[in-house]
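Here's the structure we're looking at; comments come further down.
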Amino acid sequence: IPIKNKIFKTVGQTEEEMNHILISGCSNTEVSYDAQFEGNFYGAMSYFATRILKENSNLTYSEFHKKLREKLPNSQYPQSPQLEGNARNKARLVFS
């Protein structure tokens with residue numbers, strides 16, 4: 001059965017061809033860390049992402065990714081959060 005609406009990035013597809021945003025905790029050659037923060041366990045990217053959004057919920061995906069990359073990688077969590085998608089979607093407000 002042919003797939004008419006591809007949801008996920010496929011091999012060979014450029015970011016500009018993507019019709020969605022992909023945020024991941026690390027590159028494909030790294031691992032995403034889980035740790036205890038403030039007495040609770042979180043993924044490192046999830047912890048920093050929620051803190052960033054609590055401080056400013058009016059960010060574009062590009063702005064959000066830039067702020068996230070100010071937190072990660074760091075000496076404890078050497079992971080590099082990724083943002084993929086076309087320029088139009090990266091300019092949208094997060095979760096809009």
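These figures come from a predicted structure and were not determined experimentally. Side chains included, hydrogens not; waters and symmetry mates left out as well; all remaining heavy atoms used.
Ring geometry for Y42 against Y47 counts as tilted: the plane angle lies between 30° and 60°, on a 0 to 90° scale. Using a 30° and 60° split on the angle between ring planes, Y61 and F95 fall in the perpendicular class, above 60°.
Interatomic distance, R51 CZ to L68 CG, rounded to the nearest 0.5 Å: 12.5 Å. A distance of 11.0 Å separates CG in N58 from CG in L53, rounded to the nearest 0.5 Å. Note that the CG atom of L72 and the CE atom of M45 stand 8.5 Å from one another [nearest 0.5 Å]. Put simply, NE2 on H65 and CD1 on I52 are 10.0 Å apart, with the number rounded to the nearest 0.5 Å. Interatomic distance, L22 CG to E15 CD, rounded to the nearest 0.5 Å: 9.0 Å.
Under a 3.5 Å cut-off, the side chain of Q79 and the backbone N or O of C26 do not form any donor-acceptor pair. Here the side chain of N86 pairs a donor or acceptor atom with the backbone of M18 at under 3.5 angstrom. At distances below 3.5 Å, at least one donor-acceptor pair connects side-chain atoms of T50 with backbone N or O atoms of S46.
For the pair Y77 and A35, the tightest heavy-atom approach, listed with the atom from each and the gap, is OH-CB, 3.3 Å. Pairing each heavy atom of N89 with each of N19, the nearest pair is ND2-C, 3.6 Å. Here the shortest heavy-atom pairing between S80 and P73 reads OG-CG, 3.8 Å.
Counting heavy atoms of neighbouring residues, nucleotides and ligands inside a 6.0 Å radius, atom NZ of K90 exceeds 12 of them.
The side-chain hydrogen bond (donor to acceptor under 3.5 Å, both in side chains) check on K67 picks up nothing, with sequence neighbours excluded. Every side-chain hydrogen bond (donor to acceptor under 3.5 Å, both in side chains) that T29 has, sequence neighbours left out, goes to S27.
You'll find the side chain of R69 reaches within 4.5 Å of the side chain of Q82, heavy atoms only. For the pair F48 and N74, the minimum side-chain heavy-atom distance is below 4.5 Å.
No path of Ile, Leu, Val, Met, Phe, Trp and Tyr side chains, each step under 4.5 Å between heavy atoms, connects F64 with L93, placing them in separate hydrophobic clusters.
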